[in-house]
Amino acid sequence: MTDTATAHGDELPVEGMDYNKALHITVKCGDKVISRVLVNEGSGVNICPFYTPRELDIHLREVKKRHVRVRAFDGWQKDVIREIYLTLQIGPVEFPILFQVMDISSSYNLILRRPWIHTTWVVPSTPHQCIKFEWDCQEIIIHGEWSRST
């Protein structure tokens, strides 16, 4: 894949580079729509809050147990209780993504972090409120939930 997906200045919201809202998108998992999926380059693991599999009708006893501890930048530590692959449809493309299931309170239903961003060559842009990637020789643009285009 070539690195052709770029963000342009004319695509900025009216606030320009002072735009400071988090970038979150809507995806599909099977026949369910999942809103408030945070795209964040700040960490090395994809996070799935404990309540999200229940909303997707996935029973956690069917999901692989995982005994790992995740440490946040501020030193906060939390145990991973399960590990789950979810196939998310993002735009026209389906991605199998490994998530660490954690019993946390979150404003987001899923958190996509560096592993997914790097392996898919996604270019996320918080100021532009979109992600871009190349798929099947086409540039795919997914607008954030707060963008002016949604």
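The analysis underlying the following values was restricted to heavy atoms, covering all of them including side chains, and did not include hydrogens, waters or symmetry mates.
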Between V93 and L112, is there shared hydrophobic-cluster membership here, with clusters defined by ILVMFWY side-chain heavy atoms closer than 4.5 Å? yes

For N40 and R113, run side chain to side chain contact (heavy atoms under 4.5 Å, CB included): C-alpha distance rounded to whole Å, both residues' side-chain angles, the deciding distance at 0.1 Å, then the answer. CA-CA 5 Å; N40 184 337; R113 306 273 178 122; 4.1 Å; yes

Should we say atom OH of Y85 is surrounded by more than 12 heavy atoms from elsewhere, each under 6.0 Å from it? no

Can you measure from [atom1] ([X]) to [atom2] ([Y]) and round to the nearest 0.5 angstrom?
X	Y	atom1	atom2	answer
Q89	D31	CD	CG	11.5 Å
T119	I97	OG1	CD1	8.0 Å
E83	N46	CD	CG	10.5 Å
C29	L110	SG	CG	8.0 Å
I84	L56	CD1	CG	7.5 Å
W116	L88	CH2	CG	8.5 Å

Heavy-atom distance under 4.5 Å between the side chains of [X] and [Y], does that happen here?
X	Y	value
I140	P92	yes
I117	V39	yes
I58	L86	yes
T52	F99	no
F50	I81	yes
I47	S106	no
S107	R36	yes
E139	E134	no

Could you report the tightest heavy-atom contact between P53 and P49, atom names first, then the distance? CD-O, 3.3 Å

Could you pull out the closest heavy-atom pair between T120 and V122, with the gap in Å? OG1-CG2, 3.0 Å

Is a side-chain donor or acceptor of Q129 paired with a backbone partner of T126 at a separation under 3.5 angstrom? yes

Ring-ring centroid check F133 F95, cutoff 6.0 Å: yes

Check the side chains of E145 and S35 for a donor-acceptor pair under 3.5 angstrom, ignoring hydrogens and angles. no

Would you please name every residue forming a salt bridge (Lys or Arg N to Asp or Glu O under 4.0 Å) with K32, sequence neighbours left out? D57

Can I25 and I131 be said to form a side chain to side chain contact (heavy atoms under 4.5 Å, CB included), step by step? CA-CA 9 Å; I25 60 175; I131 61 172; 4.1 Å; yes

